[in-house]
Amino acid sequence: IVLSEQGIGHAANRAALEMLELSYVELSQFPLRLWLEQQLSQHRNLHHLLPMSLAKGKTLYVQVVLPNKNTHATRDQKTVHVQDALSRLDTGDEAIQKLVHKARKVAGTAIPILLHGESGVGKEWFAKAIHESGQRKNGPFVAINCAALPEQLIESELFGYTAGAFTGARREGYRGRIVEAHGGTLFLDEIGDMPLSLQSRLLRVLQEREVTPLGGGKAIKVDFSLVCATHRNLPQDIASGRFRADLYYRLNGDRKSVV
C-alpha cells in the first residue's frame, strides 16, 4: 500500500485489499487508522515486521518504508529536481524513481506508453500525471475503460458515428472519444479487454492518425498522445489468440516505453 502523510491510501494491490478486507474506495477516502488499532506513524524501524491488529481482530505483519525526500534521481543519474505532476508520485523508492524518469522522457510525445499492473495500483493516476507533465498538458485528458463498456457500445464510444448510423443514435451524431482527445492524451484503461474486432480498427487509427465514424462520412484527422493500461499478460493473450500482436507492438512503442 502507498499512503499519504495523512494515512490516506493512494494505491494498493489486490492482495492488500483482501488482507485488509477493504474496497479501493474505502482505502482511498478514509485514513487507514480507522481500521488499525495502532498508528503506523509511531513505527520508524524499517528492518522489522510489525504486528498490527485490525479492528475486526485479525493480525497482520507490516513493514513501514518511509519515503526518501532527499533525492529525485536514480543512482546512475545526476540529481534533478523537477516539479511536475510526476514528481508528486515520487516517494523516493528507487523503482518508482526509475518509472517516473522513464515516463517523463516520453510524456506528451508520439511514443505510446503501456502501463502494466494489478487493478487498484493507480494506473490511471500515473497516466494522468504523465499527461500533466508533458507538452500536451493544456489539452484534454480523455479516459475510457475498455472493460466497463459493453462490446456493442465501445465501438461507437471510441470512434463516434454519423447521424442515423444505427437505431437509437443521436440525431446530430457523435464525435467519439478519440476525436475528443485531439491535442491531448487518450488513456485506454484495460486495453487487454478490448474485443478483437475493435483492435484492428484501433490499429488503423494509430497508423493513419485519422478516424472514420460509424455510418461512413469523412475521415477526421487526429493528433494525440496515447497511454494504455492493463492488468493482463498481453504476450500470453497474443499466444492464445485473444490479442493482436501487431497492435501490441504498436501500443508498446518500444521496450523503453513500457512502465
Side-chain angles (χ1 to χ4, degrees), residues 11 13-14 17 23-25 28 112-131 136 139-217 219-220 222-238 240-248 250-252 259:
N13 62 18
R14 189 179 298 108
L17 295 176
S23 69
Y24 183 71
V25 173
S28 62
I113 298 175
L114 179 61
L115 306 176
H116 183 267
E118 295 183 27
S119 299
V121 298
K123 296 189 293 294
E124 184 167 349
W125 281 24
F126 202 90
K128 194 163 187 180
I130 292 172
H131 166 72
R136 298 176 184 267
F141 177 80
V142 177
I144 185 166
N145 190 323
C146 298
L149 289 173
E151 183 173 349
Q152 62 270 26
L153 292 180
I154 189 172
E155 184 173 18
S156 59
E157 185 74 11
L158 274 176
F159 305 104
Y161 54 83
T162 58
F166 51 87
T167 303
R170 297 179 186 177
R171 182 178 300 176
E172 67 278 12
Y174 176 59
R175 297 172 63 202
R177 303 306 299 277
I178 292 179
V179 174
E180 289 177 2
H182 179 74
T185 300
L186 176 67
F187 175 56
L188 298 179
D189 198 8
E190 302 302 351
I191 186 68
D193 293 290
M194 177 176 282
L196 271 172
S197 59
L198 298 188
Q199 292 177 26
S200 58
R201 283 208 65 185
L202 177 61
L203 179 63
R204 178 174 290 276
V205 170
L206 298 180
Q207 290 173 336
E208 305 296 334
R209 289 289 167 173
E210 60 181 26
V211 179
T212 301
L214 294 176
I220 304 171
V222 288
D223 178 30
F224 56 83
S225 293
L226 178 66
V227 181
C228 297
T230 184
H231 70 283
R232 303 184 63 88
N233 186 321
L234 294 185
Q236 285 186 2
D237 285 348
I238 291 171
S240 62
R242 290 176 52 95
F243 202 83
R244 292 179 62 108
D246 48 3
L247 178 59
Y248 172 71
R250 174 70 65 170
L251 299 179
N252 214 2
V259 177

### Query
When rounded to the nearest 0.5 angstrom, what distance separates OG1 in Thr185 from CD1 in Ile130?
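Output value for this atom pair is 8.5 Å.
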Just jot down the salt bridge (charged side-chain N to carboxylate O under 4.0 Å, His left out) partners of [X], sequence neighbours excluded, or say none.
| X | answer |
| --- | --- |
| Glu180 | Arg177 |
| Arg209 | none |
| Asp189 | none |
| Glu124 | none |

### Task
Assign the ring pair Tyr174 / Tyr161 to parallel, tilted or perpendicular, where the plane angle (0 to 90°) is split at 30° and 60°.
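Because their plane-to-plane angle lies in the 30° to 60° range, the rings of Tyr174 and Tyr161 count as tilted.
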Please confirm whether the backbone N or O of [Y] pairs with a side-chain atom of [X], one donor and one acceptor, at under 3.5 Å?
| X | Y | answer |
| --- | --- | --- |
| His116 | Arg232 | yes |
| Gln199 | Met194 | yes |
| His131 | Val142 | no |

### Query
In chain order, what residues pass the ring pair (Phe, Tyr, Trp, His ring centres under 6.0 Å) check against Phe159, with sequence neighbours excluded?
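Partners of Phe159 by the ring pair (Phe, Tyr, Trp, His ring centres under 6.0 Å) criterion come out as none, since no residue qualifies.
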### Chi angles and distances behind the side-chain contact (heavy atoms from CB on, under 4.5 Å) call for Arg250, Asp246
CA-CA 6 Å; Arg250 174 70 65 170; Asp246 48 3; over 6 Å; no
### Query
Can you list the residues that meet the side chain to side chain contact (heavy atoms under 4.5 Å, CB included) rule with Arg136, with sequence neighbours excluded?
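Arg136 satisfies side chain to side chain contact (heavy atoms under 4.5 Å, CB included) with Asp223, Ser225 only.
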### Task
Run the numbers on Phe224 and His182 for ring-ring contact (aromatic ring centres under 6.0 Å, His included), then give the verdict.
CA-CA 5 Å; Phe224 56 83; His182 179 74; 8.5 Å; no
### Query
Do you know the tightest heavy-atom contact between Leu234 and Gly192?
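Shortest heavy-atom separation between Leu234 and Gly192 comes out as CD2-CA, 3.8 Å.
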